[in-house]
Amino acid sequence: MKKMLALVLSAVMIFAFSVPAFAQELSTGSTENIITLPDCPVGERVRIPVEDAGYIVNGAGQLIKISDLISFANQEEANSYIEMMENQLSVTTQYNPTINLDARSTHGNALVASQDVSFAGAIELRVAYTTSGNSNTGTITYHEAYTSFTGFTYGFEWEEKLCTSEITSSGKDVYARASGELVYYFLIDGFIELGRSPVNLEGCCFLIH
C-alpha cells in the first residue's frame, strides 16, 4: 500500500510540473478517437472502455489526452487511491480568519475553509469583502463568497452548485457556505473510470472587532 501511494505521489508531482494549468479547448474538426464523458450520479462510478480513443472531452468541454491521466495498473490500486481521496474530502480545514486591524485596507478576501484533493490540490471557500472604514472598521458594506480549485487539477473537475454568504447577527462577521461535486477520471487497465463525490464547505470570517 505504501509503495503504491508513493508511486502515485511521484506521478502526481511529475504531472503537476509538466501538464499545462488548463487543458486545451475542444476545437472544430475531426472528433474521431475522442470520448465524451457521460453523466455520472453522485456517489457512483462509471467505467468507459478506451479502445482506440486518444482523448476525452470533460464536462467543461475541454479536450484531454488520455495518456496524460493518472493511471493505475489494476482496480485494487485505483480503489485504494479513491478511498484515500474520499477520506481527504471528508475532512474540512477551518481557518476562522480574523482580518488584520493594523492594515489600512477597507477591502480584501479571506480563506474560510478548504478540503484537500489528492496530494497537490484543494477546493477553497473564500469571502471577498469591503468595510466602510479604514483598517476594516465601521460596517460591512459588501461580501461575496466564492470557491476556487487550486493546485494539481488534471483529471479532476470542481462543479460548484451553491455558494452563499451572509452577515451574522452581530453585524461584524460573515458566514459562508458552498456545496458542489468533485468529478474525477482515471485510466485503469484500458478503461476510464469516472466518479463524482459531494463536497460541502462552510465557515466564518471575522471582519470587524
Side-chain angles (χ1 to χ4, degrees), residues 1-2 4-17 19 21-23 37 39-46 58-60 62 64 69-72 77-99 108-129 143-166 168 173-188 192-207:
M1 175 69 71
K2 291 183 179 179
M4 188 276 293
L5 293 180
L7 290 173
V8 172
L9 176 58
S10 298
V12 167
M13 296 310 295
I14 290 172
F15 282 129
F17 290 105
V19 176
F22 298 96
L37 294 179
D39 290 333
C40 177
V42 176
E44 296 187 16
R45 285 147 66 178
V46 176
N58 66 11
Q62 295 171 321
I64 298 174
L69 295 176
I70 296 176
S71 62
F72 301 91
E77 287 186 358
N79 289 343
S80 296
Y81 180 84
I82 293 170
E83 180 181 359
M84 178 196 60
M85 182 187 70
E86 291 182 341
N87 286 338
Q88 286 182 316
L89 285 175
S90 68
V91 177
T92 300
T93 301
Q94 298 284 352
Y95 295 90
N96 298 316
T98 300
I99 304 307
N109 73 81
L111 175 60
V112 175
S114 70
Q115 289 182 358
D116 290 336
V117 177
S118 186
F119 292 101
I123 299 169
E124 297 180 342
L125 173 61
R126 292 178 172 271
V127 170
Y129 64 88
H143 61 89
E144 181 177 8
Y146 66 96
T147 61
S148 61
F149 187 16
T150 64
F152 177 77
T153 62
Y154 205 72
F156 298 92
E157 293 175 56
W158 162 238
E159 295 185 2
E160 180 186 289
K161 301 297 184 181
L162 172 71
C163 190
T164 63
S165 61
E166 60 185 53
T168 63
D173 312 315
V174 171
Y175 168 76
R177 65 187 179 99
S179 62
E181 296 162 8
L182 178 72
V183 182
Y184 56 87
Y185 26 88
F186 306 134
L187 180 61
I188 306 172
I192 299 294
E193 180 140 323
L194 171 67
R196 186 181 291 266
S197 297
V199 175
N200 294 285
L201 294 165
E202 64 178 342
C204 277
C205 179
F206 304 103
L207 294 179

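Taken to the nearest 0.5 Å, the CD atom of Glu181 stands 5.0 Å off from the CZ atom of Arg196. Taking CD1 from Ile192 and OG from Ser71, the interatomic distance works out to 10.0 Å, rounded to the nearest 0.5 Å. Here the OH atom belonging to Tyr154 is positioned 12.0 Å from the CD atom belonging to Glu157, to the nearest 0.5 angstrom. Going from atom CZ of Arg177 over to atom CD of Glu166 covers 7.5 Å, rounded to the nearest 0.5 Å. Atom CD of residue Gln94 and atom SG of residue Cys204 lie 8.5 Å apart, to the nearest 0.5 angstrom. Ile123 contributes atom CD1, which lies 9.0 Å from atom OG1 of Thr150 (distance to the nearest 0.5 angstrom).
For the pair Val91 and Leu89, the minimum side-chain heavy-atom distance is 4.5 Å or more. Between Glu44 and Pro41 there is a side-chain heavy-atom pair separated by less than 4.5 Å. Between Ser114 and Tyr95, some side-chain heavy-atom pair lies under the 4.5 Å cut-off. Side-chain contact check for Leu182 versus Phe156: some heavy-atom pair is nearer than 4.5 Å. Val117 has its side chain within reach of Phe149: a pair of non-hydrogen atoms, C-beta onward, lies under 4.5 Å apart. A 4.5 Å side-chain heavy-atom check between Ile82 and Glu193 finds at least one atom pair inside the cut-off. Counting only heavy atoms from C-beta outward, the side chains of Val174 and Phe206 never approach each other to under 4.5 Å.
Within 6.0 Å of atom CZ in Arg45, more than 12 heavy atoms from other residues, nucleotides or ligands are found, so the atom counts as buried in its surroundings. When the shell of 6.0 Å around CG of Asp39 is examined, it contains 12 or fewer heavy atoms from other residues, nucleotides or ligands.
Contact detail for Tyr185 and Asn58: the closest heavy-atom pair is OH-ND2, 3.2 Å. Closest of all the heavy-atom pairs between Cys205 and Ala110 is SG-CB, 3.6 Å. Across every non-hydrogen atom of Val199 and Gln115, the tightest pair is CG1-OE1, 3.2 Å. Here the shortest heavy-atom pairing between Tyr184 and Ser197 reads CE2-OG, 3.8 Å. Counting all heavy atoms, side chain and backbone alike, Cys40 lies closest to Leu194 at SG-O, 3.7 Å. The shortest non-hydrogen separation linking Asp116 to Gln88 is O-CB, 3.7 Å.
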> Going through the distances and angles, do Asn79 and Glu83 end up as a side chain to side chain contact (heavy atoms under 4.5 Å, CB included)?
Replying inline: CA-CA 6 Å; Asn79 289 343; Glu83 180 181 359; over 6 Å; no
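Between the side chains of Glu160 and Thr147, at least one donor N or O sits under 3.5 Å from an acceptor N or O. Judged purely by distance below 3.5 Å, without hydrogens or angles, the side chains of Tyr129 and Asn109 never pair a donor atom with an acceptor atom. Glu202 and Tyr175 form a side-chain donor-acceptor contact under 3.5 Å, judged by distance and modelled atom types alone.
For Phe186 and Tyr81, the distance between ring centers is under 6.0 angstrom.
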